[in-house]
Amino acid sequence: MKINQIIIIVALAIVIIGAMVCDIVRRRQYKPSAQLNELKQPLSIEHATHGNIIETYTNISQLIPSLLRDIDRAKEYVLFQFFKFEKDSLGMVVREALIKKANEGVPVYVIYDAFPGCIVNHSFFREMKLYGVEVHRYNPVLPIPSPYSNNRNHRKIVVIDGHIGYMGGMNIAERYLKGVHNGDWRDTHLRIEGAACQQLQQVFMDDWRKQSTTTPHYTTLHHTTPHYTIHQAPCPIQIIASDPEDSIPPILQAMIQMADSAEQYLYIQSPYFLPPKPLQAALCQAAKRGVDVRLMIPKRGDRSIFISYASRSYLKPLLAAGVKVYFHTFGFIHAKAWVADDKIATVGSSNIDFRSFTQSSEVNAFVYDTIFAQQMRQIFEQDMQHCYLIPQDWWQQRSIKERLLQVIVKPFAHLL
């Protein structure tokens, strides 16, 4: 090998190592705000905000008109964060709404995750910047390798003027409108009015601080009169955020608490089911003490067949404990929703998998309200029309192909 080649290789190695060290130092300098730490409290109505009003959406065709209307009515600022914000027909419509608002002089701030953003033409976001939208790419993956590259921001948050917020499981992509080969894309998202929006805003602000030394310059709103009202009684909401830096993920803890405290029923929807052992044990114990525990997962995954088989590999102890497991067969169910005893329900971005609990930043709303819980239970029961219940002896009756694939993929569950 020639000396010039050796010099080039050494120089590249120094640049890469230096960049990695700088990235590590920068991240260690970041300290979560006190307000964000308050959103990592145990599940308790004592930590909830009150006077909130909720509207629930179960598909993106319901969500988008409301979201565009609220963006158009923004007077003070728009905070906009999605794991996926794709350059397609839907993404272009939303982008134009944000640009229009920025042209009117309203500050607009956008965060998108760099990993799925890699497949988006960066001109899509560059043009937003040209028109006055402040845009940050969360945790860039290339060209600098980093031990943090696998840490992604899976949150979906919108805050408008401090008193209107959106959060849940939906991304901005037209496939949510078109569905998949065998049916609709089913998801759950919330529109919130009230004090909980200030907590969502705090989550956004800490994510912004991770990527920028500048602070958004917007007016902090006091409580104002909403542009229109939704006919639902105000309810307490506890916003809980989780990050890869957490030694014990607060959202995982809250889910375990829901399972431990359930007395009558616990209904769960998740697109993936790769549970840590403490959560798996909590679900089994709930079923054994007589709680009607129901788990709804897709029969077929959206990304690859391996995730479906990995999810099924965790079902044996649940079936043995008496958990009712439903395969959703019409389209793809992407909802991340829990409801228990007509007392408490949660909707958010967190899947039941290792990635959500250890590698991704997530946010969930835990709602302490009978009316909302009943609504979530009714949504679950409606979705059961597109499901079939797995027989208790399903595990013993699996095909050789199913058994083999589950054995192969389960060791890689932490990576899926």
Side-chain angles (χ1 to χ4, degrees), residues 52-74 78-101 108 110-113 116 153-161 163-180 183-194 196-197 200-201 203-204 226-232 235 237 239 269-271 302 330-337 345-351 362-365 367 372 375-376 378-380 382-383:
N52 300 287
I53 299 173
I54 299 179
E55 188 171 7
T56 307
Y57 307 99
T58 55
N59 62 67
I60 202 166
S61 63
Q62 300 170 339
L63 169 69
I64 291 300
S66 178
L67 177 61
L68 293 177
R69 178 181 59 201
D70 284 334
I71 291 173
D72 185 60
R73 292 174 172 176
V78 177
L79 311 180
F80 192 92
Q81 174 180 8
F82 279 86
F83 177 62
K84 292 182 181 179
F85 187 1
E86 297 190 0
K87 184 182 180 181
D88 53 29
S89 61
L90 181 59
M92 294 297 288
V93 169
V94 175
R95 188 187 74 161
E96 291 309 308
L98 296 171
I99 290 175
K100 176 177 178 290
K101 190 49 55 176
V108 178
V110 172
I111 300 174
Y112 71 98
D113 190 88
N153 196 311
H154 196 238
R155 293 166 177 151
K156 297 91 175 168
I157 296 174
V158 179
V159 178
I160 297 168
D161 293 352
H163 64 79
I164 295 175
Y166 290 82
M167 54 89 65
M170 297 185 196
N171 290 294
I172 304 298
E174 67 180 12
R175 67 175 177 273
Y176 282 68
L177 286 170
K178 294 180 177 179
V180 293
D184 297 334
W185 187 290
R186 242 293 283 126
D187 217 322
T188 305
H189 217 85
L190 302 180
R191 179 187 185 275
I192 301 171
E193 289 188 27
C197 298
L200 289 175
Q201 181 168 299
V203 177
F204 180 96
H227 297 297
Y228 56 93
T229 59
I230 301 165
H231 297 292
Q232 181 177 331
C235 56
I237 298 177
I239 300 295
Q269 293 176 316
S270 179
D302 63 324
F330 179 72
F332 182 70
I333 187 162
H334 191 251
K336 308 101 166 41
T346 182
V347 173
S349 64
S350 184
N351 298 310
E362 308 281 4
V363 63
N364 273 46
V367 183
F372 181 75
Q375 180 187 21
M376 295 305 299
Q378 291 167 3
I379 291 172
F380 186 97
Q382 291 170 3
D383 288 331

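The model shown is predicted, which means the values in this text are computed figures rather than measured ones.
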Which pair of non-hydrogen atoms, one from [X] and one from [Y], has the smallest distance, and what is that distance?
| X | Y | result |
| --- | --- | --- |
| Tyr166 | Ser66 | OH-OG, 2.8 Å |
| Ala74 | Ile160 | CB-CG2, 3.7 Å |
| Val363 | Met167 | O-CE, 3.7 Å |
| Ile239 | Ala196 | CG1-O, 4.0 Å |
| Leu98 | Val108 | O-CG2, 3.8 Å |
| Ile71 | Lys101 | O-CE, 3.0 Å |

Taking side chain as C-beta onward, heavy atoms only, is [X] less than 4.5 Å from [Y]?
| X | Y | value |
| --- | --- | --- |
| Ile172 | Ile64 | yes |
| Met376 | Val347 | yes |
| Trp185 | Ile60 | no |

Euclidean distance, [Y] [atom2] relative to [X] [atom1], rounded to 0.5 Å:
| X | Y | atom1 | atom2 | result |
| --- | --- | --- | --- | --- |
| Leu67 | Gln62 | CG | CD | 13.5 Å |
| Ile192 | Ile237 | CD1 | CD1 | 4.0 Å |
| Phe330 | Arg186 | CZ | CZ | 11.5 Å |
| Leu63 | Asp187 | CG | CG | 9.5 Å |
| Thr346 | Phe372 | OG1 | CZ | 8.0 Å |
| Ser349 | Met170 | OG | CE | 13.5 Å |

Set of side-chain hydrogen bond (donor to acceptor under 3.5 Å, both in side chains) partners for Asn153, sequence neighbours left out: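 side-chain hydrogen bond (donor to acceptor under 3.5 Å, both in side chains) list for Asn153, sorted by chain: Gln81, Asp207.
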Quiz item: Can you name the residues that form a side-chain hydrogen bond (donor to acceptor under 3.5 Å, both in side chains) with Asn59, not counting sequence neighbours?
Solution: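 Here the qualifying residues are Ser61.
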Output, in order, the C-alpha distance, side-chain angles, deciding distance and verdict of side chain to side chain contact (heavy atoms under 4.5 Å, CB included) for Leu190 and Thr56. CA-CA 5 Å; Leu190 302 180; Thr56 307; 3.8 Å; yes
Mind checking ring-ring contact (aromatic ring centres under 6.0 Å, His included) for Phe82 and listing every partner two or more places apart, or none if nothing turns up?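 Partners of Phe82 by the ring-ring contact (aromatic ring centres under 6.0 Å, His included) criterion, ordered by chain and then number, come out as Phe80.
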Q.
Using the rule given for side chain to side chain contact (heavy atoms under 4.5 Å, CB included), can you reason through Arg191 versus Asp70, listing the C-alpha separation, both sets of side-chain angles and the distance that settles it, and then say yes or no?
A. CA-CA 10 Å; Arg191 179 187 185 275; Asp70 284 334; 2.8 Å; yes
Does a salt bridge link Asp72 with Lys100, judged by any charged N lying under 4.0 Å from a carboxylate O?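 Result for this pair is yes, salt bridge flagged.
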Look at Glu362 together with Lys336 and state whether they make a salt bridge at an N to O cut-off of under 4.0 Å.
->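 Lys336 and Glu362: not salt-bridged.
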- Under 3.5 Å, is there a donor-acceptor pair between the side chain of Glu174 and the main chain of Ser89?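 Pair found, side chain donor or acceptor close to backbone of Ser89.
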- Query: Is it true that a side-chain atom of Asp161 and a backbone atom of His163 form a donor plus acceptor pair closer than 3.5 Å?
  - Reply: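 Checking the backbone N and O of His163 against the side chain of Asp161, no donor-acceptor pair under 3.5 Å is found.
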query = How about Phe83 and His154: are their ring centroids closer than 6.0 Å?
reply =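 Here the rings of His154 and Phe83 have centres that are less than 6.0 Å from each other.
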